[in-house]
Amino acid sequence: MSCGSHRLPRRIPGTVTRVELFPPQVGMIWVRPQETMGPWGPGQFAMVFPSASNDPLLGRPLGLAGQVDGQLLFLCRGVGRGTRMLLSSPPGSPVHLVAPLGSPLAPLEESKLILLGGGVGVAALLPLADRADRLLWAVRDGTWAGLMDRCSEALGLDRDRLVPVFEDGPPGEGCNGVEALWRLPMDLKGATVVACGPSGMLRAVWELGRERGFRSLLGLERRMACGFGGCMGCAIDLKGGVRARVCKDGPFFWGEDLDHEAFD
Amino acid sequence: MSCGSHRLPRRIPGTVTRVELFPPQVGMIWVRPQETMGPWGPGQFAMVFPSASNDPLLGRPLGLAGQVDGQLLFLCRGVGRGTRMLLSSPPGSPVHLVAPLGSPLAPLEESKLILLGGGVGVAALLPLADRADRLLWAVRDGTWAGLMDRCSEALGLDRDRLVPVFEDGPPGEGCNGVEALWRLPMDLKGATVVACGPSGMLRAVWELGRERGFRSLLGLERRMACGFGGCMGCAIDLKGGVRARVCKDGPFFWGEDLDHEAFD
Amino acid sequence: MRPSTDLLGSGVDGPVNVDLNGLGLSSPVVVASGVLPMDGEVWSSMEGVGLICTKGITLEPRAGNRGERLVETPSGLLNSIGLENPGIDRFLEAILPDLLRSRRSLGLNVAFSSLGELEELIGRIGDRAASVEVLELNLSCPNVDREGAVWGESPERTFEAVRLARSLWPRSVWAKLTPQAPDVAAVARAAEEAGAHCLVVANTWLGAEVDLEAGAPVFKRVVAGLSGPAVLPLTLRLLFQLYPKVSVPLVACGGICSPQDALKAMMAGASAVQVGTQLFRDLGCCGEILEGIRSFLDSRGLSVSRLVGCAHRASR
Amino acid sequence: MRPSTDLLGSGVDGPVNVDLNGLGLSSPVVVASGVLPMDGEVWSSMEGVGLICTKGITLEPRAGNRGERLVETPSGLLNSIGLENPGIDRFLEAILPDLLRSRRSLGLNVAFSSLGELEELIGRIGDRAASVEVLELNLSCPNVDREGAVWGESPERTFEAVRLARSLWPRSVWAKLTPQAPDVAAVARAAEEAGAHCLVVANTWLGAEVDLEAGAPVFKRVVAGLSGPAVLPLTLRLLFQLYPKVSVPLVACGGICSPQDALKAMMAGASAVQVGTQLFRDLGCCGEILEGIRSFLDSRGLSVSRLVGCAHRASR
Ligand SMILES: Cc1cc2nc3c(=O)[nH]c(=O)nc-3n(C[C@H](O)[C@H](O)[C@H](O)COP(=O)(O)OP(=O)(O)OC[C@H]3O[C@@H](n4cnc5c(N)ncnc54)[C@H](O)[C@@H]3O)c2cc1C
Ligand SMILES: Cc1cc2nc3c(=O)[nH]c(=O)nc-3n(C[C@H](O)[C@H](O)[C@H](O)COP(=O)(O)OP(=O)(O)OC[C@H]3O[C@@H](n4cnc5c(N)ncnc54)[C@H](O)[C@@H]3O)c2cc1C
Ligand SMILES: Cc1cc2nc3c(=O)[nH]c(=O)nc-3n(C[C@H](O)[C@H](O)[C@H](O)COP(=O)(O)O)c2cc1C
Ligand SMILES: Cc1cc2nc3c(=O)[nH]c(=O)nc-3n(C[C@H](O)[C@H](O)[C@H](O)COP(=O)(O)O)c2cc1C
Ligand code: FES
Ligand code: FES
């Protein structure tokens, strides 16, 4: 049933058409929605319900990574029951989506736009890839290479701008995402860095931005029940005690609006 | 985990390899158990868990209809949530089984052995088919023909002994399962009729047996939580006030042990 | 046979009017407190609802609880939001006008820790909220004057709170009961005697969750409120228990997710149903629930009033 | 660090010994009453269990309730079996010897409608059941001498029943509480004062279900007992509530299905756990639960006694 307005994200039945699984427990999940979803933009996410049953009850928030031939792409890491259910869905499995959720990232017309994704955190950044100078994709190790390749291929990412970063790379090369930012052969001053990934990484980007004079736009994660701003489960303090809901007012926030508690 | 004894039916993970769906909402469900199940006989059933989740919580009792190339065959009618979930499982879907349950039918060495299955009630009788003189399979209408054919083929049923009975058949031919029993070109006296299907049908067979002097062995259905005799949810009165559990002491009972309440 | 004074209309989106002790609603489906954003546009686009309750509002702004606020349980949800809200003044000023633009009937859910606070709260509202149909008293919060005992656990305290609200609030007062009451029937009767127009049966069930890695409670306050499908059988039981004991309308709350759930609750004695957690799964569910109720009534030629409580009249 | 007087052995199937107020069990996993057939062969093949409780036994045989006895709910099960059992005489004669052949520690779950009946029941047992370790009093059944009020709803009645059982029964007496008690902590303290060796927390939660087609309650008695995963958060809450109030060991019961559930219950204060509904899904679950507890303790070098109640000691 429709909610009668495009303001309200609807629950849409969908079908998992394919799961491309890579070590270590990460996968590309392709979902064909059975009804048309409203328009969406970079930075937004979906609540994905792994089954029609009451258990698991809630949707799992997953970034909208792309859309190809009417199929939505999610990148998912198996960390718990819901994500593992999704990753092991045989083709044809029913799922439900409530989407799009979150505020889409405003058009970023900056001259220098750098994206930094940590692990599957890259998902919500992928739709921005063709507008960015660089997309740094930081992962633990080489086991991720297969996923990166497949993902670049499926979404037609420009390999010249994609910079894979392997934490355990060869001596002198291996580094984490934030070090890779440092090492970029460009002056970050005046740049905008959009980052999404583990909170430690986000905190480091946030601090680095203040040091090096770039703006950061950071994708936060919180436990979510609704995803549309109703339950107040994901509320955080912005600077100056202003309350915000990660799901609705975010999940991306400007670094200057965040307190260090946001990364706890 | 094993229960250490063959006396206790274990929970076995399995995979739906194929669902062959026929109108009206009936299907053949093929399940490959991932561990070997204990030996089983005609008349027994499995508790089939449509998912690993807590909802639906309980298994659905389904008769063990056959085993081909290591795959178990179930015949299932979509009447509620669990059975519909099973019928719509894409190949590769995980299920769990607790099986075999119920008392297998003792070897029936009778000279005249007639089987009567109503709809999917035939399932538990199919493993007896090659020992019987006749297998009457009574269904509402011709939409079932596809399932009957496929089933006969898959299990290699002897088409000479299989008598499809269509309730809405051509005038003079259409009849229900009990009428078909009447019409058999043989004296039922001294025969054994094993019947499974709607309770109205069972009651009629039971009454007919008393009239016509044949023994009846009737497969009852009750709501079940455990299937192994623990919960007392399926308890019924036998003649003389003896209590019995349909799941454990049945599901097939001799007509002479049953009271008419058994068919309420 | 279609004798239906209270079943008007039969178009797909036709109303199913209910009379809740003088308050007429075009649908028995009510949005529970604390689940929808307080955003007029969201409210406008909700289909099938007869009334929407606000998040619980207190006299002063509240930041809510720190730490984990939500945990999923088998078919349920534990929440420990802690009544985060902007306080009554900001609510009246910045939020209410927007909500009223949605033209939805509105239930103002309020929480208070003393009678004085409740009085002050209703006083601040004054006549600035003349179009707020319902004042819903959340009786699951602690009463500071009684060592933090929860209002709704005591018939006497419930009586006092409801009576005070009735004396100050000119329109409907709903008492939202807590299932933790030692004698919920006594509390229900006290609320009725004090003049509550409806009883909401009920708020969340106290539960808890443990963090295995930390070896500690997940929630800072240890306990949290359980909602969602898991509690539906408990809600139905409360309805069966209370319906024969009071004569004011009951509003079911707890685990209502589908038209079937709503119909069961109504058969067990509810004149209306509140929907909370299910909205987290499907914002269109209220429309579906209304539609399901309507077509059930239609197909059987039943009126709402014949439906409500019919399971008590069924011979067993 | 492996200081474990009560954690002996560490083989895959090694025991995790617990001391329940004088009664030593080789596993904290107990089979709840009413879920396993009373069949010695089945009992023998159960793995990982420290004690198995019988179906509730009454003085006279009981046929149990008519009509529907089971309904599945979201992640839960409502049952209204109505204590169908062969009565104490037949139990002692025909069933107990078979059960004892399983060499499993045995808890005799008994229900009674008056003190006289309880006395007579224990009297009939006499010394014919010297190897029955535990007498588990099901306090969820009605007391005919008090207009059918449920024993476990009243601290006084609970005290009387437990004290009587203690005076007649030479071994462990467990009081199985009902979560419907208006003041469950008071009942727990009463049971402790009367000498209960352990408190089982708790029996099923009263729920109800409606048959939509019939417009009537599904169960003849309207209400039925809710068990299964849905109630786990409620069980954990009761444990958090009771653990600080009594000093006898608590045995968790309600929704324990996995090693994680058992560990959570133990952290919340349970010295042992009962498993009921999950056995309907997996007869091997007790072995898995024991194994999970054992490996959790092993990997952290913890003893059972350090585990039990640790969530109360965690700084929050
Ligand atoms: C805005 C947003 C976007 C995200 N995008 C992605 C993505 O593209 N790919 C990806 O793999 N993961 C993403 N995550 C994290 C992902 O939502 C969690 O890993 C997932 O919900 C865990 O569910 P589970 O059932 O496997 O784990 P469980 O631990 O079993 O989940 C239990 C409950 O906790 C919640 N939960 C647990 N961890 C998290 C978490 N880190 N964030 C939010 N809720 C959590 C679950 O949703 C569920 O309600 C995103 C999170 C947010 C908030
Ligand atoms: C021994 C036995 C063998 C059976 N064999 C077959 C078979 O081979 N093929 C087949 O299609 N059906 C068979 N049935 C019936 C089948 O078990 C039910 O149709 C099924 O359980 C319904 O589940 P549901 O979730 O679709 O329905 P729902 O109505 O949603 O089920 C709700 C609950 O009620 C129980 N329930 C509902 N109807 C029945 C019923 N008729 N019998 C037992 N429990 C019920 C379910 O198991 C579940 O616990 C058998 C039943 C029994 C007792
Ligand atoms: C996230 C959340 C916040 C809630 N906030 C309030 C509140 O502020 N006031 C209140 O009376 N009830 C509140 N509730 C309780 C709901 O209104 C409702 O009583 C409860 O969720 C049971 O209904 P359900 O099972 O349909 O969700 C809240 C529930 C949830 C899940
Ligand atoms: C079918 C069934 C029968 C039960 N019979 C009894 C009984 O005879 N005596 C008793 O004290 N509890 C009985 N119980 C309650 C269980 O022992 C246990 O307290 C309850 O099921 C909660 O635990 P669980 O969630 O692990 O099932 C029964 C429960 C079920 C499901
Ligand atoms: S998840 Fe509900 S408000 Fe953000
Ligand atoms: S289903 Fe449990 S005893 Fe038969």
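As a basis for the values below, the full set of heavy atoms in this structure was taken, side chains included, without hydrogen atoms, waters or symmetry mates. Labels below follow one simple rule: chain letters A, B, ... track the order of the sequence lines, proteins then strands, and each chain is numbered from 1. Note that this is a predicted model, so its numbers are computed, not measured.
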Option in C:Gln180, C:Gln260, C:Gln241, C:Met266 with maximal non-hydrogen atom pairs under 4.5 Å from chain D:
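Of the candidates given, the most pairs with chain D belong to C:Gln260.
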With respect to chain D, which residue among C:Pro182, C:Gly76, C:Pro233 yields the maximal number of heavy-atom pairs within a distance under 4.5 Å?
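When all of C:Pro182, C:Gly76, C:Pro233 are compared, C:Pro233 has the most.
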Does C:Thr235 use its side chain to pair, donor to acceptor, with the backbone of C:Gly254 at less than 3.5 Å?
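Indeed, once roles are kept as given, a pair shorter than 3.5 Å links the two residues.
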Would you say C:Thr178 and C:Glu153 are linked by a side-chain donor-acceptor pair, where the criterion is simply a distance under 3.5 Å?
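Side chains of C:Glu153 and C:Thr178: no pair found under 3.5 Å.
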Can you tell me if D:Ser295 and D:Asp298 form a side-chain donor-acceptor pair at under 3.5 Å?
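The answer is no; no qualifying pair exists.
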Between D:Leu78 and chain C, which part of the residue has a heavy atom less than 4.5 Å away: side chain, backbone, both or neither?
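For D:Leu78, side-chain heavy atoms alone lie under 4.5 Å from chain C.
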Taking side chain as everything from C-beta outward and backbone as N, CA, C, O, which of these in D:Leu226 sits under 4.5 Å from a heavy atom of chain C? Side chain, backbone, both or neither.
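When you check distances to chain C, only side chain atoms of D:Leu226 fall under 4.5 Å.
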Have a look at C:Asn65 and tell me which of C:Arg221, C:Glu84, C:Lys220 forms a side-chain hydrogen bond (donor to acceptor under 3.5 Å, both in side chains) with it.
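Filter result, single survivor: C:Arg221.
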Salt-bridge test for D:Arg189 and D:Glu192: reply yes if a basic N is under 4.0 Å from a carboxylate O, no otherwise.
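No, no charged N to carboxylate O under 4.0 Å.
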Please identify, among D:Ala208, D:Pro229, D:Gly255, the residue contributing the most non-hydrogen atom pairs under 4.5 Å to chain C.
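That would be D:Ala208.
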